[in-house]
Number of protein chains: 2
Amino acid sequence: MARVKKELDFSLILAALSRHVDLNAEEQACFCAYLSHRSLKNKELLQREGEVADSTFFVTRGCLRSYSTDEQGLEHVVQFAPPGWWIAELYSVISKRPGTTNIDALEASEVLVMKRSDQEKLFIELPKIERYFRIITENSLVSSRQRIIDSMTLSALERYQAFCKRYPGLIFSLPQKQIASYIGVTPEFFSKMKARF
Amino acid sequence: MARVKKELDFSLILAALSRHVDLNAEEQACFCAYLSHRSLKNKELLQREGEVADSTFFVTRGCLRSYSTDEQGLEHVVQFAPPGWWIAELYSVISKRPGTTNIDALEASEVLVMKRSDQEKLFIELPKIERYFRIITENSLVSSRQRIIDSMTLSALERYQAFCKRYPGLIFSLPQKQIASYIGVTPEFFSKMKARF
DNA sequence: TTGAAAAGTTGATGAAGGTCAATTTGGCAG
DNA sequence: CTGCCAAATTGACCTTCATCAACTTTTCAA
């Protein structure tokens with residue numbers, strides 16, 4: 001069987017870019033030239049705690065998560081990334097030091113990979129790309145701070161309701177132990193909480 | 001007494017910039033031209049929940065905080081900003097919608113004010129400024145995510161110890177009810193926790 | 001200097017959520 | 001279809017931290 005070069009599908013990532021910056025066809029091609037592709041099996045690890053991360057990932061299919069493991073071995077979900085979302089071990093990417101969180105696939109998934117060194121070249125070559133990342137980083141920071149406020153002001157049930165509102169699609173596709181981990185309760189308590197409505 | 005125009009002190013903010021980007025004298029002047037100055041009395045409110053924020057603040061003296069008020073009227077500290085730090089109601093600045101948090105001064109303070117509209121002009125005029133903000137926003141996001149992980153994996157005592165390590169200067173200058181609010185416990189529990197060492 | 005308000009302390013009690021163990025349900029590889 | 005493993009449920013008990021109230025100490029403006 002002949003090995004056919006797989007055409008990468010950039011439509012999702014170009015749509016994401018166009019929500020914040022205008023790129024002409026040439027600029028789009030320049031941006032895409034720096035992306036590579038990777039397929040992940042269910043549960044496959046993309047970034048392991050302790051290793052230095054050098055890439056940021058854009059999800060085109062499936063769903064990834066980043067999570068931290070505590071000294072008792074319990075996992076705590078930092079972020080879910082369904083199609084159209086970026087995910088990275090940003091601390092490690094920025095500092096070039098070993099990361100403290102893991103990233104894996106919650107189902108068979110596909111991602112576009114952008115190496116930090118390439119990203120930095122793009123920042124110089126195409127300032128609009130730096131603008132794009134500046135904007136989505138600002139938005140992520142707002143979400144992250146809101147989650148801190150929620151963790152201090154809301155009960156577990158209210159955090160669950162907030163989660164359902166913010167990520168309506170994920171409630172049905174994720175095992176509820178993952179959602180419990182994201183909102184910061186045990187699977188047992190989560191189950192009891194749901195039973196009480 | 002003659003009113004003398006106050007010379008603004010840009011040394012702290014230029015030092016902060018130079019940690020991430022190189023600006024020549026002209027670029028520095030261009031940047032500083034967009035800044036204005038504001039003095040704050042102890043407890044003075046800089047941004048009130050419900051109002052639309054249009055500026056970001058760089059602290060040159062004193063200490064600010066941003067906080068959220070819950071439905072029981074309790075305050076929860078989102079961020080402290082000692083000299084050399086930026087602070088803003090970023091959600092409101094970005095979205096131009098009413099903010100959900102407050103910013104006030106914990107002591108007599110001085111800030112440099114950068115309006116969002118001016119910041120956006122600078123992003124176009126001086127891409128290095130956009131780079132600077134992209135970088136510090138990335139760093140803020142890393143800290144914010146680490147705080148989320150800490151809130152899920154650490155006990156109140158451990159969060160206090162982490163706070164002491166990360167902000168060694170603040171432990172002595174802040175009322176401990178502010179620190180309690182930041183790490184997410186009541187002042188009463190904080191006091192008992194300290195007593196038990 | 002003083003006195004009232006704010007901050008901090010201490011104790012009794014209670015609620016939110018965790019831990020551990022037993023059992024049931026569900027998904028899916030063979 | 002079967003069997004197995006992971007996910008979810010349920011119950012008993014426990015830990016952490018909140019709440020409320022009384023009291024003490026500090027701060028700071030008049």
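A, B, ... follow the sequence lines: proteins, then strands. Residue 1 opens every chain.
The span of DNA chain C lying next to chain B, judged by atoms under 4.0 Å from heavy atoms, is bounded 5' to 3' by C:dA7 to C:dA12.
Annotation: cation-pi geometry not satisfied between A:R147 and A:F163 (NZ/CZ under 6.0 angstrom from ring centroid, within 45° of ring axis).
Residue B:V111 shares its hydrophobic cluster (ILVMFWY side chains chained together at separations under 4.5 Å) with B:L40, B:L46, B:F57, B:V59, B:L64, B:I87, B:I103, B:V113.
Residues from residues 168-176 of chain A that place a heavy atom under 4.0 Å from any atom of DNA chain D, listed by number: A:P175, A:Q176. Across residues 101-109 of chain A, not one residue has a non-hydrogen atom less than 4.0 Å from an atom of DNA chain C.
At least one side-chain nitrogen or oxygen of B:Q72 sits closer than 4.0 Å to the OP1 or OP2 atom of D:dT19.
Of the listed residues (A:F133, A:W86, A:F31), just one forms a ring-ring contact (aromatic ring centres under 6.0 Å, His included) with A:F58, and that residue is A:W86.
Within the 3.5 Å criterion, the main-chain N or O of B:P187 finds no donor-acceptor partner in the side chain of B:S191.
Look at NZ on A:K192: it is 10 Å from P on D:dT10, rounded to the nearest Å.
Atom CG of A:D22 is surrounded by 12 or fewer heavy atoms from other residues, nucleotides or ligands within 6.0 Å.
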Collect all protein-nucleotide pairs involving nucleotides 14-17 of chain D in which both atoms are nitrogen or oxygen and the distance is under 3.5 Å.
from, atom 1, to, atom 2, distance (Å)
D:dC17, OP1, B:A156, N, 3.1

With 3.5 Å as the limit, what N/O pairs link the protein to nucleotides 22-29 of chain D?
none

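At the heavy-atom level, A:K194 lies under 4.0 Å from the strands shown only through sugar-phosphate atoms.
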